[in-house]
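One structure is given below, encoded as structure tokens.
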Protein chains: 2
Amino acid sequence: MGITKTEIFTEQQNQIANFAKAFGHPARVAILQHLFKINACICGDLVIEIGLAQPTISQHLKELKTLGLIKGNIEGTSICYCIHQESWTAMKTVMNQFLDQDIENKTNCC
Amino acid sequence: MGITKTEIFTEQQNQIANFAKAFGHPARVAILQHLFKINACICGDLVIEIGLAQPTISQHLKELKTLGLIKGNIEGTSICYCIHQESWTAMKTVMNQFLDQDIENKTNCC
DNA sequence: ATTGTATATTGCAATATTACGATTAAAGAA
DNA sequence: TTCTTTAATCGTAATATTGCAATATACAAT
């Protein structure tokens, strides 16, 4: 099917899955890492830096922007992207709640 | 295409993406949350708990097992799944390295 | 106005993912 | 053995994702 039955899951579970899906492609991981390093709003240098075609990078950037993890500012003909710090922090809270879970019932078996 | 150009990314970037992809579906998030709560090796109760068909759950479990995040033990006719604690901790190290990044160059623009 | 540069959008082909019915496999119970 | 239960696997349909060529858009410079 390819379609995900989001209705049967909680808001939180879907939220975690959505963030994770964004990080589920190495190009988007690389883009975000680069933005953290060169926050000075490097724009289409990502195309050179990452090594994928311009439309492909643009598509990945769009997904990250839709999720709110990055912001884009028009500067003449080029566009300056950078991390949306508040959203990033909010995302971390959600993800850490999931990642930092502890096993409640210690009656193990495997 | 649907195919991901893993060759052009670093080992670390692909590793992050692979873990993230596993968390990129709410069913797998739900499965893991349930295993954390009921570590007492509940098996096919997941089918009832989650609300997806048995083959679907089985498929999701397989992906999590392939990644090493869960373990499965045969107990008679049923199978007991639980979190693979060491792998989970290792995964957290990788993911936190990514999530806890800080902006290096503060010359902002947006 | 025209040209050049940077980025977004469109359209499409190839592949991946999700979901599940049907079937199979494995182990205990009758 | 045969039946039952539990879970994996197979096969397949529907949808999603990835990647890029071609094109469109937006702005600056000439």
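By convention in this document, chain letters (A, B, ...) are assigned in the order of the sequence lines, proteins followed by strands, and residues within each chain are numbered from 1. Side chains are part of it too, since the values below use all heavy atoms of this structure and drop only hydrogens, waters and symmetry mates. Treat the numbers as computed from the prediction; the structure is a model and nothing was measured.
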Item to complete: Start with the C-alpha distance between B/L46 and B/L52, add both sets of side-chain angles, then the distance that settles side chain to side chain contact (heavy atoms under 4.5 Å, CB included), and finish with yes or no.
Response: CA-CA 9 Å; B/L46 286 163; B/L52 287 170; over 6 Å; no
Discussion item. Donor-acceptor pair, distance only, cut-off 3.5 Å: does the side chain of A/R28 make one with the backbone of A/A22?
Written reply: yes
Item to complete: Taking the six-membered ring for Trp and the full ring for Phe, Tyr or His, determine whether the centres of B/W88 and B/F36 are under 6.0 Å apart.
Response: yes
Worksheet item: Can you name the closest pair of heavy atoms from A/Q101 and B/L32 and give their distance?
Response: OE1-O, 4.5 Å
Worksheet item: Can you check the A/N73 CG to C/dA6 P distance for me, whole Å?
Response: 18 Å
Discussion item. Rounding to an integer number of Å, can you tell me how far A/K21 NZ sits from D/dT15 C1'?
Written reply: 11 Å
Item to complete: Report yes if a side-chain nitrogen or oxygen of A/Y81 is closer than 4.0 Å to either non-bridging phosphate oxygen (OP1 or OP2) of C/dA6; otherwise report no.
Response: no
Item to complete: Using atom CG of B/L61 as one end and atom C1' of D/dT6 as the other, report the distance to the nearest whole Å.
Response: 13 Å
Worksheet entry | Donor on one side chain, acceptor on other, B/Q33 and A/Q12, under 3.5 Å | yes
Fill in: Protein-nucleotide distance (B/I74, atom CD1; D/dT5, atom C1'), rounded to Å
15 Å
Discussion item. Distance check needed: C/dA16 P versus B/K62 NZ, whole Å only.
Written reply: 15 Å
Response to the item:
Rounded to whole Å, the CG-P distance (A/D45 to C/dT5) equals 15 Å
Worksheet entry | Distance in angstrom units between B/I79 CD1 and C/dT24 P, rounded | 19 Å
Identify all pairs in which a protein N or O lies below 3.5 Å from an N or O of nucleotides 19-23 of chain C, and state each distance.
{"from": "C/dA19", "atom 1": "OP1", "to": "A/K5", "atom 2": "N", "distance (Å)": "2.9"}
{"from": "C/dA19", "atom 1": "OP1", "to": "B/H25", "atom 2": "NE2", "distance (Å)": "3.4"}
{"from": "C/dA19", "atom 1": "OP2", "to": "B/H25", "atom 2": "NE2", "distance (Å)": "3.0"}
{"from": "C/dA19", "atom 1": "OP2", "to": "B/H60", "atom 2": "NE2", "distance (Å)": "3.0"}
{"from": "C/dC20", "atom 1": "OP1", "to": "A/K5", "atom 2": "NZ", "distance (Å)": "2.5"}
{"from": "C/dC20", "atom 1": "OP2", "to": "B/A53", "atom 2": "N", "distance (Å)": "3.1"}
{"from": "C/dC20", "atom 1": "OP2", "to": "B/T56", "atom 2": "OG1", "distance (Å)": "3.2"}
{"from": "C/dC20", "atom 1": "N4", "to": "B/Q59", "atom 2": "OE1", "distance (Å)": "3.4"}

Response to the item:
Picking from C/dG28, C/dT5, C/dA8, the nucleotide nearest the side-chain atoms of A/T77 would be C/dT5
Worksheet item: CD1 of B/I57 versus C1' of D/dT9: gap in Å, rounded?
Response: 16 Å
Fill in: Donor-acceptor pair between A/T89 and A/E86 side chains, under 3.5 angstrom
no
